[in-house]
S.K.: 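One structure follows; several queries about it will come next.
Just the heavy atoms: all of them, side chains too, but no hydrogens, waters or symmetry mates, feed the values below. Reminder, nothing fancy here: chain letters follow the sequence lines and each chain counts from 1.
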Amino acid sequence: MSYTFMGYPRPDGKYGVRNLVAVIPSVVCANDVAQAICRQVQGTIGYFHHQGCCQLPLDLKRVTDVLSHLGQSPNVGAALIVSLGCEGTDHQRIYEEIKATGKPVEIIHIQELGGTSRSIQAGIDAAQRLVQQISGIQRVPADISNLVMSIKCGGSDTTSGMASNCVIGYVADKLVDLGATVVFGETTEFLGGEHILARRAVGGEDGPVGQKIYQIVDEMEKRAMSVGEDMRGGQPTPGNIAGGLSSIEEKSLGAIVKSGHRPIQGVLEYCDKVTDHKGLWIKDAPGREPEILTGMAATGAQVMMFSTGRGAPQGFPSMPVIKICGNPNTYERMQWDMDLNAGRILTGEKSIDEVGEEAFQMLLDTLNGRMTKNEALSYFGSVDIFCLGPVI
Amino acid sequence: MELKLALKVDDLDNVATIFANGIVDGMQVEMRDKKGVSEIITVKGDVPYGHKIAVADIAKGQPIMKYGESIGRASCDIKKGDYVHVHNLEAMRGRGDL
């Protein structure tokens with residue numbers, strides 16, 4: 001069985017499932033100008049992050065990489081970079097790298113143009129040109145193997161590990177079997193379950209991928225330890241125990257199950273983008289929404305499947321986010337934010353495989369252009385870049 | 001009366017999770033696996049919402065399986081239907097003493 005979706009062909013051979021002009025502030029100080037441009041020009045989205053200056057060189061490189069990769073992602077048809085002029089990021093590199101993909105790209109510099117009002121005017125003119133330029137691109141059939149799907153869970157509760165995460169695991173396995181790419185992250189959640197992930201690595205627990213999995217968990221723990229916090233102690237929390245989780249293994253497994261059962265091909269760094277990677281990959285990213293959603297979009301994921309129990313409402317500007325809700329009561333209360341009710345598994349109405357198949361069909365509809373609920377509501381302000389060092 | 005459900009995620013699992021309130025000692029529940037195949041089990045102990053029961057006998061020291069993986073080992077002999085939680089399940093990771 002093969003599946004196709006209708007995607008926007010890009011000059012670099014990728015297929016977008018949305019056709020957007022990305023307005024990219026190269027630094028937090030350019031956000032207000034970028035926002036004004038986005039408000040005026042239909043078909044644009046902005047990445048209003050809070051980084052890009054007064055950071056250590058390694059973080060300035062991370063921010064530059066991520067902004068460049070966001071502009072290169074398949075759902076972006078053209079990009080406008082809004083630079084202040086004195087920022088720490090390499091705005092010229094962002095411009096050159098996006099341009100190298102063959103997409104239309106423009107850049108404006110606020111200080112050079114004479115400030116806010118002149119930059120807004122120049123930016124609106126540029127964004128208008130770019131929107132007109134790409135708006136006639138037609139969707140064409142693309143094999144599902146061209147898809148990169150990202151996975152995340154947030155606002156989890158006791159239902160997540162038994163319903164919504166199992167459903168996403170079903171979809172992840174199916175996509176891997178069809179030759180697509182699936183990326184999951186949330187390194188923090190691997191605690192206590194890293195041995196299980198390492199055993200699923202290509203080459204086994206002792207191979208380079210298995211060892212890398214241990215390494216990223218260890219580094220994450222050390223970062224917490226450097227400010228005096230032991231993340232492993234006290235797991236599972238008293239709240240977890242009251243909710244029915246008996247061990248840290250059970251807690252981690254409930255989170256890991258959303259990655260399905262296929263072998264793990266390797267670990268991507270936070271800034272890495274997918275090139276010819278196929279199969280299941282880990283992205284070394286924290287679990288907090290702004291940072292992981294941004295990281296996954298920068299990976300080149302055209303879509304995200306997001307598991308929740310308490311009801312996390314947010315999406316991302318250039319990546320449709322499908323909300324799979326494990327808690328049937330939350331779904332009823334928040335059905336205008338939740339895309340699929342996986343709580344029917346817990347009430348016995350459906351099996352995991354049945355809801356998994358529904359989620360797969362919803363994924364295909366979303367790829368073909370049907371908006372998710374958070375997309376239709378423009379609920380996608382959670383954008384930020386995960387940095388390692390202090391601000392200075 | 002319709003029985004409450006106990007859900008088993010993986011075929012290797014020896015516990016199932018109950019998503020219902022008011023499950024008390026001696027009640028029957030319907031254990032269901034991911035394909036929808038079911039079995040009636042009598043619960044031993046009061047089991048809160050989201051907590052687990054054994055769906056097979058588990059000898060002391062044997063792994064307790066959920067999601068097809070070990071989530072700890074039995075700290076005493078566990079009988080089919082028994083409530084399984086921190087009182088009879090011993091974690092094997094992140095304890096600092098192993």
S.K.: With a 4.5 Å limit on heavy-atom distance, are the side chains of Ile345(A) and Phe19(B) in contact?
M.R.: no
S.K.: With chain B as the partner, which of Leu346(A), Ile196(A), Thr159(A) has the greatest number of non-hydrogen pairs under 4.5 Å?
M.R.: Leu346(A)
S.K.: Mark yes or no for whether His85(B), through its side chain, and Ala242(A), through its backbone, hold a donor-acceptor pair below 3.5 Å.
M.R.: no
S.K.: Between Tyr67(B) (side chain) and Gly161(A) (backbone), is there a donor-acceptor pair under 3.5 Å?
M.R.: yes
S.K.: Hey, what do you get for CE (Met65(B)) to CG (Leu253(A)), rounding to the nearest 0.5 Å?
M.R.: 9.5 Å
S.K.: What are the two closest non-hydrogen atoms of Gly243(A) and His51(B), and how far apart are they?
M.R.: C-NE2, 3.5 Å
S.K.: Return the minimal non-hydrogen interatomic distance between Leu7(B) and Met162(A), and the atom names on each side.
M.R.: O-CE, 3.4 Å
S.K.: Please classify the contact between Leu5(B) and chain A as side chain, backbone, both or neither, with a heavy-atom cut-off of under 4.5 Å.
M.R.: side chain
S.K.: What part of Lys66(B) gets closer than 4.5 Å to chain A, counting heavy atoms only: side chain, backbone, both or neither?
M.R.: both
S.K.: Can you tell me if Glu249(A) uses its side chain to pair, donor with acceptor, with the backbone of Ser70(B) under 3.5 Å?
M.R.: no
S.K.: Would you indicate whether Lys60(B), at its atom NZ, is surrounded by more than 12 heavy atoms from other residues, nucleotides or ligands within a distance under 6.0 Å?
M.R.: no
S.K.: Among the options Ala20(B), Gly50(B), Pro48(B), pick out the one with the most heavy-atom pairs lying under 4.5 Å from chain A.
M.R.: Gly50(B)
S.K.: Measure Glu194(A) against the heavy atoms of chain B and call it side chain, backbone, both or neither at under 4.5 Å.
M.R.: side chain
S.K.: If you count the non-hydrogen atoms of other residues, nucleotides and ligands that lie under 6.0 Å from CZ in Arg199(A), is the total more than 12?
M.R.: yes
S.K.: Counting heavy-atom pairs under 4.5 Å with chain B, which one of Leu191(A), Asp353(A), Ile256(A) comes out on top?
M.R.: Asp353(A)
S.K.: With a 4.5 angstrom heavy-atom cut-off, is it the side chain or the backbone of Val47(B) that approaches chain A, or both, or neither?
M.R.: neither
S.K.: With rounding to the nearest 0.5 angstrom, report the OG1 to CG distance, Thr17(B) to Leu245(A).
M.R.: 9.0 Å
S.K.: Just give me the residue among Pro236(A), Cys166(A), Ser247(A) that pairs up with chain B most often, heavy atom to heavy atom, under 4.5 Å.
M.R.: Ser247(A)
S.K.: When heavy-atom pairs shorter than 4.5 Å are enumerated against chain B, which of Glu354(A), His195(A), Lys350(A) gives the highest number?
M.R.: His195(A)
S.K.: Give a yes or no on whether Arg223(A) atom CZ has more than 12 heavy-atom contacts from other residues, nucleotides or ligands under 6.0 Å away.
M.R.: yes
S.K.: Indicate the atoms forming the closest heavy-atom contact of Lys52(B) with Ser246(A), along with that distance.
M.R.: NZ-OG, 2.7 Å
S.K.: Quick one: do Glu69(B) and Arg200(A) make a salt bridge, cutoff under 4.0 Å?
M.R.: no
